[in-house]
Peer 1: 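Dropping the structure in here first, questions after.
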Amino acid sequence: MLIAIDGPAGAGKSTVARAVAQALGFTYLDSGAMYRCIALAELRGAPDPLVCAIGLDGDVVKLDGEDVSAQIRTPEVSERASEVASRPQVRAKLVELQRGLIAAGDYVAEGRDIGTVVAPDAELKVFLTASPQERARRRAEQIGADPAVVLREQTLRDERDSTREHSPLTAAADAVEVDTTGLDSDEVVARIVALAGRFLD
Ligand code: CDP
């Protein structure tokens, strides 16, 4: 079974997707980490970032064998990730990689285009949202930054992610939209686990 969780930055996708995977005994797939790896490779000056080897093992993210789990979370990488994600060749490579992974076993996959492009046949699709201010506040708290600065960067990234030509961020027609403003993550997780229950014995 596949649960697709898509939505904008700071909606709580990573926390929620991880917890849903744990609750159901599914594997968690962080597709954004892959875009971040390509961005990091490019920032490091790799001649062809598309040929780098990306490894995801639980929460550990590897780029050409090196643990880059922390390095891929900087604001500089976030910014470049959103930029590389607008390129069709990058998307084609990563979508193929993601499809290969989710082909076997039960997954909770999170990103921007899981329910629309990577796996339009996912059994359950969730689109997580929250107000821009709430999303910026959460992200700022997570990385210890100024919420006003995060909000400014987030607005630019949201704009780019939702207006790009290839696979713009948009909810699948059959996605369940969950607005997480004012909800804590336990409530959101319980809601998604309940929705998934319909597909499980
Ligand atoms: O953690 P956050 O939601 O801020 O970002 P992320 O999920 O780690 O993704 C980083 C960037 O990769 C996003 O700004 C998107 O531009 C891009 N991305 C994408 O285009 N498609 C995906 N399935 C996942 C991420």
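Scope of the values below: all heavy atoms of this structure, side chains included, with no hydrogens, waters or symmetry mates. Numbering of ligands and ligand atoms starts at 1, following listing order.
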Peer 1: Which atoms of ligand 1 have any heavy atom of Asp161 under 4.0 Å away?
Peer 2: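 Every atom of ligand 1 under 4.0 Å from some heavy atom of Asp161: 13 (C), 14 (O), 15 (C), 16 (O).
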
Peer 1: Considering only heavy atoms of Ala9, which atoms of ligand 1 have at least one such atom less than 4.0 Å away?
Peer 2: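 So the answer, numbered in order with elements, is 3 (O), 4 (O).
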
Peer 1: Using the rule that Ile, Leu, Val, Met, Phe, Trp and Tyr join whenever any side-chain heavy atoms are under 4.5 Å apart, tell me whether Leu128 and Val20 fall into a single cluster.
Peer 2: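 Per the 4.5 Å side-chain linkage, Leu128 and Val20 are co-clustered.
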
Peer 1: For atom 11 (C) of ligand 1, which candidate among Ala81, Pro168, Gly111, Ala11 provides the closest heavy atom?
Peer 2: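 Looking at heavy atoms only, the winner is Ala81.
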
Peer 1: Any donor-acceptor pair under 3.5 Å linking the side-chain atoms of Gln154 with those of Arg157?
Peer 2: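 Arg157 vs Gln154: no donor-acceptor pair found between side chains.
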
Peer 1: In terms of side-chain heavy atoms, does Ser14 have a donor or acceptor partner in Glu110 at a distance below 3.5 Å?
Peer 2: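 Yes - a donor-acceptor pair under 3.5 Å links their side chains.
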
Peer 1: Report the distance from atom CG of Leu40 to atom CD of Gln71, rounding to the nearest 0.5 Å.
Peer 2: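 Nearest 0.5 Å value for the CG-CD distance: 6.5 Å.
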
Peer 1: Among all the protein's non-hydrogen atoms, which is closest to atom 1 (O) of ligand 1, and how far away is it?
Peer 2: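 Of the protein heavy atoms, Arg139 NH2, 3.3 Å lies nearest.
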
Peer 1: Can you list the ligand 1 atoms lying under 4.0 Å from a non-hydrogen atom of Arg91?
Peer 2: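 Ligand 1 atoms under the 4.0 Å threshold to Arg91: 19 (C), 20 (O), 21 (N).
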
Peer 1: Need the ligand 1 atom indices (1-based, order shown) with element for anything under 4.0 Å from a heavy-atom of Lys13.
Peer 2: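 Here the atoms of ligand 1 in question are 3 (O).
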
Peer 1: Of the backbone atoms (N, CA, C, O) and the side-chain heavy atoms from C-beta on, which set of Glu153 has a member under 4.0 Å from an atom of ligand 1: side chain, backbone, both, or neither?
Peer 2: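 It is neither part, as no heavy atom is under 4.0 Å.
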
Peer 1: Using a 4.0 Å cut-off to any heavy atom of Asp113, which atoms of ligand 1 qualify?
Peer 2: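 Checking each atom against Asp113, I get 21 (N), 22 (C), 23 (N).
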
Peer 1: Roughly how far, to the nearest 0.5 Å, is the CD atom of Glu79 from the CD atom of Glu153?
Peer 2: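 So the gap between those two atoms works out to 7.5 Å.
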
Peer 1: Can you tell me how far the SG atom of Cys37 sits from the CG atom of Leu56, to the nearest 0.5 Å?
Peer 2: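 Between atom SG of Cys37 and atom CG of Leu56 there are 7.0 Å.
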
Peer 1: Is there a path of hydrophobic side-chain contacts, each under 4.5 Å between heavy atoms of I/L/V/M/F/W/Y residues, joining Val188 to Leu124?
Peer 2: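 Yes, same cluster.
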
Peer 1: Give the atoms of ligand 1, by number and element, whose distance to some non-hydrogen atom of Ser31 is under 4.0 Å.
Peer 2: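 Close to Ser31: 22 (C), 23 (N), 24 (C).
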
Peer 1: Which residue owns the protein heavy atom closest to atom 13 (C) of ligand 1, what's the atom, and how far is it?
Peer 2: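 Result: Arg112 NH2, 3.3 Å.
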
Peer 1: Looking only at side-chain N and O atoms, does Arg112 offer a donor or acceptor that is under 3.5 Å from a partner on Ser167?
Peer 2: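 Side-chain D/A pair, Ser167 to Arg112: absent.
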
Peer 1: Give the minimum heavy-atom separation between Arg135 and Gly10, together with the two atoms involved.
Peer 2: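 Arg135 and Gly10 have their closest heavy atoms at CG-O, 3.4 Å.
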
Peer 1: In terms of residue, atom name and distance, what is the protein heavy atom nearest to atom 9 (O) of ligand 1?
Peer 2: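 Among all protein heavy atoms, the one nearest atom 9 (O) of ligand 1 is Gly32 CA, 3.6 Å.
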
Peer 1: Check each heavy atom of Met34 against ligand 1 and say whether those closer than 4.0 Å belong to the side chain, the backbone, both or neither.
Peer 2: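 Under 4.0 Å from ligand 1, Met34 contributes no heavy atoms.
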
Peer 1: Using a 3.5 Å distance criterion without hydrogens, assess whether the side chain of Arg138 forms a donor-acceptor pair with backbone atoms of Ala11.
Peer 2: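 Between the backbone of Ala11 and the side chain of Arg138 there is a qualifying donor-acceptor contact (under 3.5 Å).
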
Peer 1: Looking only at heavy atoms, is any part of Arg160 under 4.0 Å from ligand 1, and if so is it the side chain, the backbone, or both, or is it neither?
Peer 2: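 Neither; nothing of Arg160 gets under 4.0 Å from ligand 1.
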
Peer 1: Please identify which atoms of ligand 1 are closer than 4.0 Å to at least one heavy atom of Ala85.
Peer 2: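 The list of qualifying atoms is 16 (O), 17 (C), 20 (O).
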
Peer 1: May I ask you to test the Val193-Leu24 pair for a side-chain heavy-atom distance under 4.5 Å?
Peer 2: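 Yes; the side chains approach each other to less than 4.5 Å.
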
Peer 1: What protein heavy atom is closest to atom 12 (O) of ligand 1, reported as residue, atom name and distance in Å?
Peer 2: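 The closest one turns out to be Tyr35 CB, 3.5 Å.
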
Peer 1: Which residue and non-hydrogen atom of the protein lie closest to atom 4 (O) of ligand 1, and at what distance in Å?
Peer 2: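 Result: Arg157 NH2, 2.7 Å.
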
Peer 1: Can you name the atoms of ligand 1, numbered from 1 with element, that are less than 4.0 Å from a heavy atom of Arg164?
Peer 2: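 Taking each heavy atom of Arg164 in turn, ligand 1 has 16 (O), 19 (C), 20 (O) under 4.0 Å.
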
Peer 1: Tell me, which protein residue and heavy-atom name are nearest atom 8 (O) of ligand 1, and how many Å apart are they?
Peer 2: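 The closest heavy atom on the protein side is Arg36 NE, 2.6 Å.
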
